Structures are given as C-alpha cells and as structure tokens.
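As structure tokens, the structure follows; a few thoughts come after it.
All residue numbers in this chain count up from 1 along the given sequence. Model, not experiment: these values are computed from the prediction. In listed order, ligands and their atoms are each counted from 1.
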Amino acid sequence: MSQPPARRTVLRGAALAGAAGFGLAACSSGGSGADASAVPTKPVDLGAAAEVPVGGAKLYREDRLVVSQPAEGEFKCFSAKCTHAGCILSEVQKKEGSCPCHGSRFDVTTGQVIQGPAAQPLPEVPVKAQGGKLIAG
Ligand code: FES
C-alpha cells in the first residue's frame with residue numbers, strides 16, 4: 001500500500017531542508033579574515049647560510065620565504081607571499097624580488113615595495129644563522 005501523496009511531499013521537503021542546513025554548516029568553516037599563511041608558525045630550517053650570497057638574496061619558494069644578506073653575516077628574512085593578491089614571488093635578482101602575477105617588485109633587504117600594484121611591504125620573519133644553518137621563524 002502506497003502512502004498518500006501529501007505525506008511523501010512533506011518527507012521530501014524535510015530532506016531538502018536537511019541538505020540545505022548541511023551546506024550552510026560546511027560553508028561557515030571556510031574563510032577567516034587574517035592571512036596567517038604569510039609567515040611560518042614554527043622554525044623553518046632553510047639549510048646552509050652560505051647559499052645566500054652576500055649583497056644578494058635567495059628565494060625559498062617552497063617555504064614561501066626570501067632571505068637576503070645585505071652585509072656578511074647579516075641576514076634578513078621576509079615572507080615571499082606577495083601582499084597584493086598572495087602569489088609567491090618567482091624570482092630574486094640581487095636585492096629585488098618580483099611577483100609573477102601582476103608585476104609587483106619588492107626590496108628583499110627591507111620588504112618595501114619598489115613597484116606596485118602591491119601597496120604593503122612583505123612581512124619580516126625572524127631569522128638566525130646557527131651552526132652555519134639558517135633558521136627562520
Ligand atoms: S599578486 Fe603579486 S602583483 Fe598581484
């Protein structure tokens with residue numbers, strides 16, 4: 001014996017409401033305001049300090065960091081995540097890092113913007129040379 005149509009309609013409506021509720025719950029766990037991914041939350045071993053040229057810089061794309069050595073033994077580390085829309089810098093020449101997405105350029109010894117559209121400097125990350133190795137974060 002089949003159910004009367006009215007009851008089936010009610011059940012289907014309840015199922016749809018349940019699915020919609022689930023969708024909303026899944027969405028609410030998504031975005032949060034602050035960009036916590038720009039700087040490391042724990043120390044990162046970047047390998048030999050000697051790989052960073054004096055008067056130049058080295059890009060650590062996988063770690064999203066760039067380290068410069070303006071004077072011997074003096075290291076500066078910055079997030080390599082462009083402050084414009086979040087691309088990772090693709091190239092460093094001497095002390096200039098460039099973003100492949102819209103052409104921003106940054107001074108990787110200070111983090112300052114050399115050319116927009118980025119308006120904010122790269123966030124600085126603490127770095128130290130320990131036993132010949134660079135530890136950032
Ligand atoms: S994301 Fe780097 S210039 Fe736009």
- Please report how many protein N/O/S atoms lie under 2.8 Å from atom 4 (Fe) of ligand 1. 2
- Query: Are side-chain heavy atoms of Tyr60 and Lys58 found at a separation under 4.5 Å?
  - Reply: yes
Donor-acceptor pairs under 3.5 angstrom involving side-chain atoms of residues 124-137: please list them, not counting sequence neighbours.
residue: Lys133; atom: NZ; partner: Asp45; partner atom: OD2; Å: 3.1

- Do Phe106 and Thr83 come close enough that some side-chain heavy atom pair is under 4.5 Å? yes
- Task: For residues Pro117 and Ser104, determine if any side-chain heavy atom of one lies less than 4.5 Å from a side-chain heavy atom of the other.
- Result: yes
- Message: Check Cys101 against Cys87 for me: are their SG atoms closer than 2.5 Å?
- Response: yes
- Task: Using a 4.5 Å cut-off on heavy atoms from C-beta on, say whether the side chain of Cys99 contacts that of His84.
- Result: no
